[in-house]
Participant: 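Below is a structure I'd like to ask you about.
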Amino acid sequence: MQLSREQLVQAFRRMCTIRAFEERLHDEIATGEIAGFTHLYCGQEAVAVGVCEHLDAADKIVSTHRGHGHCLAKGCDVTDMMKEIWGSSEGLCKGRGGSMHIADADVGMLGANGIVGAGAPIAVGAAMSLKIDGEGKVAITFSGDGACNQGTTFEAMNMAVVTKAPCIFVFENNHYSEHTGFEYAVGTSKDIASRAEAFGMKVWRGDGCDFTSVYETMREVLEYVRAGNGPAAVEFDTERFYGHFEGDPQNYRGEGELDRIRETRDCLKIFRAQATGAKLLDDAELDAIQQAAIDDVDAAVQAARAAPRPTADDVTKDVYIEY
Amino acid sequence: MQLSREQLVQAFRRMCTIRAFEERLHDEIATGEIAGFTHLYCGQEAVAVGVCEHLDAADKIVSTHRGHGHCLAKGCDVTDMMKEIWGSSEGLCKGRGGSMHIADADVGMLGANGIVGAGAPIAVGAAMSLKIDGEGKVAITFSGDGACNQGTTFEAMNMAVVTKAPCIFVFENNHYSEHTGFEYAVGTSKDIASRAEAFGMKVWRGDGCDFTSVYETMREVLEYVRAGNGPAAVEFDTERFYGHFEGDPQNYRGEGELDRIRETRDCLKIFRAQATGAKLLDDAELDAIQQAAIDDVDAAVQAARAAPRPTADDVTKDVYIEY
Amino acid sequence: MAKMMYRDAVLSTLHEEMERDESIVVLGEDVVGGMGTAGGPEAIGGIWSTSTGLFDKFGANRVIDTPISESAIMGAAGGLALTGKRPVAELMFADFIGVSLDQIWNQIAKFRYMFGGKTRCPAVLRMAYGAGFNAAAQHSQSVHHILTGMPGLKVVMPSTPEDVKGLLRTALRGDDPVIFLEHKALYAVEGEVPDGDYTIPFAHARQVRSGEDVTIIATGLMVGIAEAAAEELAEDGIGCDVIDLRTTSPLDEEAILDSVEVTGRLVIVDEAPPRCNLATDISAIVAQKAFASLRAPIEMVTAPHSPIPFALELEQAYLPSSDDVEAAVRKTLAYR
Amino acid sequence: MAKMMYRDAVLSTLHEEMERDESIVVLGEDVVGGMGTAGGPEAIGGIWSTSTGLFDKFGANRVIDTPISESAIMGAAGGLALTGKRPVAELMFADFIGVSLDQIWNQIAKFRYMFGGKTRCPAVLRMAYGAGFNAAAQHSQSVHHILTGMPGLKVVMPSTPEDVKGLLRTALRGDDPVIFLEHKALYAVEGEVPDGDYTIPFAHARQVRSGEDVTIIATGLMVGIAEAAAEELAEDGIGCDVIDLRTTSPLDEEAILDSVEVTGRLVIVDEAPPRCNLATDISAIVAQKAFASLRAPIEMVTAPHSPIPFALELEQAYLPSSDDVEAAVRKTLAYR
Ligand SMILES: Cc1ncc(C[n+]2csc(CCOP(=O)(O)OP(=O)(O)O)c2C)c(N)n1
Ligand SMILES: Cc1ncc(C[n+]2csc(CCOP(=O)(O)OP(=O)(O)O)c2C)c(N)n1
Ligand SMILES: [Mg+2]
Ligand SMILES: [Mg+2]
């Protein structure tokens with residue numbers, strides 16, 4: 001761990017915020033208060049944070065249906081997000097987008113996306129744009145192991161290589177797409193990074209449950225891409241703690257699988273062990289950070305509950321700028 | 001060359017038929033008699049014939065916009081095809097399809113295709129079907145170097161691997177997609193077979209201007225796929241003698257490039273050199289075969305010119321079987 | 001007669017027909033569920049529970065779980081259908097025609113025509129459509145109008161479990177490509193289903209309710225909305241002839257024109273946005289072919305020209321309601 | 001005033017606007033041509049010659065030749081537009097929305113709405129459409145009805161070089177996504193083009209010819225067909241009010257309704273097949289909003305419900321002709 005204390009605190013704080021956000025949603029959804037499909041990011045926090053801690057608002061990211069973690073890591077406001085998920089007119093997208101369509105261009109977050117694989121081409125376009133601007137900024141697209149089978153993902157990788165766009169393809173391999181195992185759906189190669197490599201891209205691999213691994217891997221990747229070498233790809237091995245969406249009974253999991261990953265592959269635990277082991281932060285400090293995140297999320301939920309609701313006239317607004 | 005004399009004669013005859021067919025179309029199109037877009041297969045004959053000589057009518061192929069060669073190699077009738085290209089109601093597709101949509105399910109030819117990359121998924125479906133039938137038959141899809149950038153092609157390869165479909169992806173790399181060089185459009189890898197390999201497929205490479213190379217490569221590929229090992233891919237390096245479509249001035253070619261490939265990469269010349277060198281066939285025999293092909297094509301053109309024309313009522317026929 | 005949910009009508013028909021006809025093959029994402037996991041095949045079925053048990057009964061060759069590759073799924077359906085099989089390919093959400101339209105529109109719909117009538121392509125493409133789940137702009141759309149406009153496709157929109165069974169059988173026994181649109185908000189709805197091997201022919205609309213004052217035309221989820229409005233209006237002595245089209249292509253023009261000839265007034269309910277949709281289509285047919293019968297402007301009750309919003313209140317306002325239908329009926333009746 | 005071909009109107013406008021506005025970026029297959037070849041960039045332009053010289057003038061960052069990956073092209077346009085650029089993305093044939101619809105329909109069209117109005121997505125998606133080249137079922141289609149039905153998109157269908165320039169400028173200076181449909185059979189047509197930096201606002205139809213007996217509405221290639229029919233009919237003293245819509249979304253409803261109010265008779269010409277197309281759309285609007293003015297059934301002249309055939313005679317029979325329009329006008333006039 002080569003980060004400063006401050007950096008470590010910030011990273012842990014962000015991971016804890018995502019965790020608290022998702023855990024809370026898990027509880028709230030069970031009560032029926034939240035509408036629509038919600039896909040929780042719990043378990044993968046180290047990826048979003050390990051990637052986004054390297055970025056500023058001028059760097060862009062494009063996300064997936066499982067987008068809360070990426071949004072929070074990129075700097076979307078916790079309360080505005082919660083209001084959005086609650087469907088308030090004060091939500092980050094005025095209640096029109098919901099969980100699967102959260103976006104905030106001001107912080108470089110170009111949208112969660114309900115269509116699996118749709119993000120990658122958009123990120124390539126953003127990267128073309130950043131290349132024109134010439135300031136060493138990058139566009140990053142997150143994709144799951146399932147999304148890596150969608151034709152658009154492949155097209156985007158090739159297009160990025162051909163146009164030398166500063167685009168980074170981050171694959172979060174959590175071993176499942178819905179109820180289907182990665183072992184089945186990703187051919188006999190079972191290797192996402194190699195597919196990217198076959199397009200002539202430089203690729204990296206890392207442990208997506210270990211913040212340090214993600215962070216240090218991304219340092220190299222970003223150095224390479226910011227230097228104008230064209231696109232790159234990274235595959236992170238990670239874990240999904242909850243079901244595909246809320247309501248999924250997860251009976252495709254092996255016996256004890258969830259307990260095992262919660263025990264041995266929890267990025268917060270791993271971070272804690274590393275930080276305390278290296279005597280950079282102690283348990284009390286970490287506990288306090290974790291609690292602060294929980295409190296923040298609680299405040300966001302209270303705000304979301306109290307926030308104003310949209311009305312029927314809002315339906316047809318913002319379809320066009322002028323019509 | 002390990003083929004029997006008979007097999008060699010047949011292969012050469014087929015290659016010559018394709019060549020004669022395309023050369024004649026080249027002339028006829030210049031006179032304005034043929035409507036629509038026509039993409040000639042001249043130069044690539046060894047691929048279509050080297051592949052299809054291994055197949056019978058129960059094996060299926062799916063082709064591209066540059067489909068005449070595949071059709072003829074698979075056994076579509078020369079005259080019926082010519083009538084189709086002329087737009088006659090007696091054409092193989094009753095004048096409704098034209099050059100880009102020739103098909104004949106009776107001989108296992110599931111269609112040329114105007115949409116680049118659309119054939120591969122169709123071939124995977126045909127392969128799934130043949131797998132159910134369990135008789136060791138295969139489905140083959142031909143794709144160009146340009147088509148290998150279309151998302152559908154990638155999806156199809158992965159899907160074939162996952163479902164262990166007896167599908168063979170034959171890539172004809174003629175170095176150009178329309179006016180764009182392969183060197184530009186196929187990423188920095190410049191290697192189509194490796195992309196296929198990254199999906200976990202076994203791949204082969206061969207010289208698409210050398211019938212023997214194609215034929216012997218395909219012998220291995222087919223043995224592998226017919227044995228139930230799942231899909232495979234082959235990349236053949238080949239040459240396109242005419243423009244992308246008729247009318248293309250080809251000013252993207254290097255100086256003397258066309259002369260050079262006509263001289264050194266003509267599959268008919270290469271075949272002739274091999275056959276005469278090995279004393280399997282002599283020049284007079286080969287000349288006679290070539291002339292017979294030209295005569296056949298001429299007869300087909302005469303027939304097409306004289307063939308009946310479709311009428312307005314034909315427009316709405318065969319949209320549905322019943323409606 | 002048995003009571004059955006709409007989704008079970010899909011499932012039981014697939015079971016029955018696959019047993020009857022060996023050439024039927026099912027494919028799609030998670031149609032088996034659990035492939036490549038510790039839980040194993042069928043650990044969990046597809047998200048709509050419309051394929052449960054098929055894999056166990058018919059095996060891996062006929063029940064094919066696919067990667068997330070909709071173009072390849074639709075394309076494979078085309079290839080299967082061209083080679084003697086009867087694929088039933090599932091798009092988990094109809095919105096995913098966005099990533100697979102070419103295979104549906106430019107391939108499957110056109111094979112027979114382009115190939116001179118020599119091939120048949122009996123592909124049944126099932127897709128869950130419609131709003132009502134707060135699934136927002138990319139998981140709630142109606143696509144029937146897009147597909148109805150495409151020659152070569154047949155488009156089916158069952159509104160009851162009974163119709164699901166009868167129409168799905170017809171789809172599976174016909175030789176043309178069929179788009180089978182299942183409304184998400186109907187999956188859990190129960191209804192009586194006749195016993196026996198009945199089929200419902202295409203282009204035979206169902207008269208949901210008869211009346212002589214106004215014709216109301218609807219499909220899918222909108223049938224219930226229209227019916228509710230009609231019930232409400234009946235209390236005021238207004239008689240609505242409610243017609244469920246069942247299939248939009250082919251279309252039962254006769255049923256529409258016959259009804260309008262009697263009522264002279266027409267309201268069309270369409271869950272899609274207003275432009276170039278099925279409501280305009282029916283309206284145009286009537287304005288051309290039953291002009292003399294029309295006694296008032298044709299009213300259309302549709303979603304607005306906007307994407308589908310997420311929030312409860314917004315989606316509710318977005319969707320046509322029985323109040324909207326009622327208002328439209330009263331409006332057309334008020335016209336003199 | 002200068003005489004100019006339709007295709008050159010596209011090209012010259014792109015040259016002028018790219019000079020004026022640095023944020024405009026062009027991308028598509030062979031928009032440079034010759035990349036990765038011995039001939040080098042611009043060895044040969046795109047097949048429509050609508051981007052010639054752009055690469056040499058504006059360089060590789062702003063004129064981006066792409067692989068054959070239409071989804072990625074459209075998606076990249078979305079990403080460019082979301083980050084402050086004004087992409088002009090070309091689909092070589094409109095039929096290729098089949099392989100790229102998701103990015104157009106579910107992404108570009110909806111970003112602004114889904115993201116709560118905080119973003120703008122000024123992507124101009126140019127595509128060559130229409131029949132007349134015997135290019136058969138997959139390279140000849142009209143897609144305006146499909147895209148007009150999609151909220152969030154604007155759809156432009158210029159019929160003259162003058163309109164190409166004025167409308168393309170408006171598209172490039174607006175902040176919403178625009179589908180710019182160029183008819184293949186018009187590319188080589190010449191017309192007068194005004195000098196100066198004029199623009200043509202959307203939803204402003206053009207009165208092609210005035211008349212008081214029948215209204216004829218058309219777009220794109222069909223405008224000339226309608227005009228020819230009107231000329232023919234004028235010889236018999238029949239006055240046709242021919243309206244070129246120019247944009248189908250937004251739509252100049254007023255121009256349509258005003259004309260029908262005068263004529264009471266309406267013929268709509270649409271190159272698309274008959275179901276759920278623009279003709280039904282206009283018909284429905286009129287049957288609802290100008291019912292009282294209508295004196296005869298609304299006639300629609302469209303392609304038949306079939307894919308587009310290849311052979312000369314078949315394609316000719318497939319396409320609406322001025323004879324068809326003339327017959328429809330006479331039919332509506334004969335109605336009492
Ligand atoms: C084009 C498309 N196909 C299918 C779906 C339904 N779907 C949503 S998420 C998902 C699985 C995605 O798996 P993966 O990419 O591994 O992401 P994860 O859920 O594991 O984060 C599927 C099939 C969709 N939303 N879009
Ligand atoms: C989806 C789609 N995109 C673009 C085109 C236009 N087009 C037709 S052929 C072609 C080039 C294909 O190149 P390649 O696959 O190498 O085949 P070749 O022409 O060399 O045989 C293009 C771009 C098309 N027909 N379909
Ligand atoms: Mg996953
Ligand atoms: Mg090529």
Participant: The test is side chain to side chain contact (heavy atoms under 4.5 Å, CB included); show your working for B/W86 and B/V301 and say whether it passes.
Facilitator: CA-CA 9 Å; B/W86 241 264; B/V301 168; 3.8 Å; yes
Participant: Using a cut-off of under 4.5 Å on heavy-atom pairs, state which of C/I68, C/T119, C/D102 scores highest against chain B.
Facilitator: C/D102
Participant: Who among B/A120, B/A126, B/A165 has the most heavy-atom pairs with chain C under 4.5 Å?
Facilitator: B/A126
Participant: Judged by modelled atom types alone, do C/K85 and B/S129 share a side-chain donor-acceptor pair under 3.5 Å?
Facilitator: yes
Participant: In plain terms, say whether C/K165 and C/E16 are close enough for a salt bridge, that is, a side-chain N and a carboxylate O under 4.0 Å apart.
Facilitator: yes
Participant: May I ask you to name which of B/A105, B/A112, B/G108, B/A118 has the most heavy-atom pairs under 4.5 Å with chain C?
Facilitator: B/A118
Participant: Contact part of C/S249 toward chain B, heavy-atom cut-off under 4.5 Å: side chain, backbone, both or neither?
Facilitator: both
Participant: Answer yes if the side chains of C/Q141 and C/D95 hold a donor-acceptor pair under 3.5 Å, and no otherwise.
Facilitator: yes
Participant: Need one label for B/E84: side chain, backbone, both or neither, based on atoms under 4.5 Å from any heavy atom in chain C.
Facilitator: neither
Participant: Using the ring of each side chain (for Trp, its six-membered ring), is B/Y320 parallel, tilted or perpendicular to B/Y323, with breaks at 30° and 60°?
Facilitator: parallel
Participant: Look at the aromatic rings of B/H70 and B/F142 and report parallel, tilted or perpendicular, splitting at 30° and 60°.
Facilitator: parallel
Participant: Can you say whether B/V319 sits under 4.5 Å from chain C via the side chain, the backbone, both, or neither, judging by heavy atoms?
Facilitator: both
Participant: Given a strict heavy-atom distance threshold of 4.5 Å, which part of C/F202 is in contact with chain B: side chain, backbone, both, or neither?
Facilitator: neither
Participant: Taking every non-hydrogen pair under 4.5 Å, which of B/T163, B/I115, B/V124 racks up the most with chain C?
Facilitator: B/I115
Participant: Counting heavy-atom pairs under 4.5 Å to chain B, which of C/Q103, C/E22, C/R120, C/K110 comes out on top?
Facilitator: C/Q103
Participant: What part of B/K164 gets within 4.5 angstrom of chain C, counting heavy atoms only: side chain, backbone, both, or neither?
Facilitator: neither
Participant: Given heavy-atom pairs under 4.5 angstrom as the criterion, report whether the side chain, backbone, both or neither of B/K60 touches chain C.
Facilitator: side chain
Participant: Side chains of C/H144 and C/T219: donor-acceptor distance under 3.5 Å anywhere?
Facilitator: no
Participant: So, taking the atom named CG in B/L130 and the one named CZ in B/R226, what distance separates them when rounded to the nearest 0.5 Å?
Facilitator: 9.5 Å
Participant: Once the angle between the rings of B/H39 and B/F37 is folded into 0 to 90°, is it parallel (under 30°), tilted (30 to 60°) or perpendicular (over 60°)?
Facilitator: tilted
Participant: Which atoms of C/I73 are under 4.5 Å from chain B, going by heavy atoms: the side chain, the backbone, both sets, or neither?
Facilitator: both
Participant: Can you say whether B/V161 sits under 4.5 Å from chain C via the side chain, the backbone, both, or neither, judging by heavy atoms?
Facilitator: neither
